[in-house]
Protein chains: 2
Amino acid sequence: MVDEAEVRCEQCAIRQFNALRAMSKEELKKVSDSKSIKRVKKGETIFKEGEKLNGVFCIRNGVAKLSKLSSNGKDQIVKLATKGNLLGQRSVISEESANLSAIAVNDTQVCFIPKEGIMNTLNTNPNFAVEVLRHMAHDLKEADDVIINMSQKSVKQRIAEAFLYMQNSFGVDHEGFMSIALSREEIANIVGTATESCIRVISEFKKDKLIKTSGKKIAIINEAALRALMEK
Amino acid sequence: MVDEAEVRCEQCAIRQFNALRAMSKEELKKVSDSKSIKRVKKGETIFKEGEKLNGVFCIRNGVAKLSKLSSNGKDQIVKLATKGNLLGQRSVISEESANLSAIAVNDTQVCFIPKEGIMNTLNTNPNFAVEVLRHMAHDLKEADDVIINMSQKSVKQRIAEAFLYMQNSFGVDHEGFMSIALSREEIANIVGTATESCIRVISEFKKDKLIKTSGKKIAIINEAALRALMEK
DNA sequence: CTATAAACATGATAAAAGTCATATTTTAAG
DNA sequence: CTTAAAATATGACTTTTATCATGTTTATAG
């Protein structure tokens, strides 16, 4: 990770996507003074599970995966985070070490915000606290839904859902390929299956003309069918 | 559900287990004036997924299951809630309809607290907001861990873990049987498997002398082995 | 550009889990 | 107490998914 300092939070449009929008001008100024920007290259770690975090990370651009090592030695990706998402909030608030690791999926810029600015504002500005709460409530709902999917849907359905989610969250390029390009192994780690199983399903989807691929890039070509398959 | 009113929140020891502990005397008084106590019999619904909630439910005693219907028609139990847990918080805060249903696992008493008391306090008392946040952060961590278990562990491991969790959270009676007695189907719905598969694993656990049963009641007789199996 | 590793792909097989059928036991209603 | 319904149990079989082996393609370092 490389440090630098260039943009002021007050001018930063990205904060509209997260709870920082509820901070006052003065609070934001303090945060901005204390923050630092870091460049994280693809595959580099932003923080590791078990680590004590001294602040939160706001993603300026790029995508990070939040994952945890299971006792069977496999990594499970719990969530993909992108522009505007705050990482490490949960750990800072509950004053526990990080439950998940955050690793850059592609080259990424993050702002590191020391926890003091966050905690002080939390304890004095109810608007901010409620806004953080709203985001956490949303995350919790999403997590509950992932539990349902993991336990009740087949690997094929989960991969279909993952593709629809990725397309919806990260968009497509001019040729229709999804902007986010994950390895087969990463996709397997999102849906919680073996890499080979994941590859097999992708091959099947290609054969059935639900998707097409070009290297790591994937394009959905029959969204309706993929959606039907997902819902079964 | 039957309504009544008898106990004051100010005198209620249960609030020490949840975010209401961070309310001031006056705030608590208001909540207490507006709350109502309801008795919910085993199997009765406290609220259903999709319902708009006008407040939160604080469990006085008994156990409730929080579940959601999957598109394949099966119920997935996401969480068991017991004395002191607040239900419906997430929906009230994010002003969305309930994502989960809450159903009494045994005869239960809950206090219904209209959302106004909660939201007003949230918007004016940062201590309370932070306390709610802390609880939600904890729930989120738990949910993430459930995702890992669901995707990476076998049915046998998940059932072993469920038993250890149940014993730890709800305790045992004088004969060593767990105080909470779930049906095989409910256990299956917690670990996300077919009822028959769940029954088979329980039979195997009995044969291997890891547990013993008496009707619905289950007692762990070899915790160490169960724990080893869970971690694999 | 070439060597080497990593990622992708696919077959063969095994293991895990689901489904369907059918008893047996337990529980609850009358 | 009896009877019907629900829950538990188990066998037989199918489907899904994991694992291991091996080949092919694609990326990357030098």
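The chains referred to below are lettered A, B, ... by the order of the sequence lines, with proteins before strands, and numbering in each begins at 1.
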Could you state the [atom1]-[atom2] distance from [X] to [N], rounded to the nearest angstrom?
{"X": "N189(B)", "N": "dT8(D)", "atom1": "CG", "atom2": "P", "result": "12 Å"}
{"X": "R184(B)", "N": "dT10(D)", "atom1": "CZ", "atom2": "P", "result": "10 Å"}
{"X": "K41(B)", "N": "dA28(C)", "atom1": "NZ", "atom2": "C1'", "result": "15 Å"}
{"X": "K206(A)", "N": "dT10(C)", "atom1": "NZ", "atom2": "P", "result": "7 Å"}
{"X": "F205(A)", "N": "dA9(C)", "atom1": "CZ", "atom2": "C1'", "result": "16 Å"}
{"X": "E204(A)", "N": "dA9(C)", "atom1": "CD", "atom2": "C1'", "result": "14 Å"}
{"X": "N72(A)", "N": "dT17(D)", "atom1": "CG", "atom2": "C1'", "result": "14 Å"}
{"X": "Q152(A)", "N": "dT16(D)", "atom1": "CD", "atom2": "P", "result": "16 Å"}

*Cationic tip of K212(A) above F177(A) ring, under 6.0 Å, 45° of axis*: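 Positive - K212(A) is close enough to the ring of F177(A) and near enough to its axis.
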*Between S94(B) and A137(A), what is the shortest heavy-atom contact and its length?*
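Taking S94(B) first and A137(A) second, the nearest heavy atoms are CB-CB, 4.2 Å.
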_Which heavy atom of R60(A) sits nearest to which heavy atom of C111(A), and what is that distance?_
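For R60(A) and C111(A), the tightest heavy-atom pair comes out as CD-SG, 3.5 Å.
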*Do nucleotides 24-30 of chain D as a string where each nucleotide becomes B, S or -: B if the base has a protein heavy atom under 4.0 Å, S if just the sugar-phosphate does, - if no protein is that close.*
-------
Under 3.5 Å, which N/O atoms of the protein pair with N/O atoms of nucleotides 1-6 of chain D?
none

*Taking side chain as C-beta onward, heavy atoms only, is M150(A) less than 4.5 Å from S151(B)?*
yes
*Between M166(A) and L182(A), is any pair of side-chain heavy atoms under 4.5 Å apart?*
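In short, these two side chains touch, coming nearer than 4.5 Å.
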Which atoms of nucleotides 16-19 of chain C (N or O only) lie under 3.5 Å from a protein N or O atom, and what are those distances?
unit_1	atom_1	unit_2	atom_2	d
dA17(C)	OP1	V155(B)	N	2.8
dG18(C)	OP2	T193(B)	OG1	2.4
dG18(C)	OP2	A194(B)	N	3.3
dG18(C)	OP2	S197(B)	OG	2.9
dT19(C)	OP2	K74(B)	NZ	3.1
dT19(C)	O4	R200(B)	NH2	2.8

Counting only heavy atoms not in [X], do more than 12 fall under 6.0 Å of its [atom1]?
{"X": "K83(B)", "atom1": "NZ", "result": "no"}
{"X": "K141(B)", "atom1": "NZ", "result": "yes"}
{"X": "K156(A)", "atom1": "NZ", "result": "no"}

_Does this structure show an ion pair linking D145(B) with K68(A), if we count only N-O contacts that are shorter than 4.0 Å?_
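Salt bridge: yes.
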*Describe, in one word, how the ring planes of Y165(A) and F170(A) are oriented to each other, choosing from parallel (under 30°), tilted (30 to 60°) and perpendicular (over 60°).*
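It falls in the perpendicular class, over 60°.
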*Look at the aromatic rings of F205(B) and F163(B) and report parallel, tilted or perpendicular, splitting at 30° and 60°.*
perpendicular
*Is any side-chain N or O of S203(A) closer than 4.0 Å to OP1 or OP2 of dT10(C)?*
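For dT10(C), OP1/OP2 do have a side-chain N/O of S203(A) under 4.0 Å.
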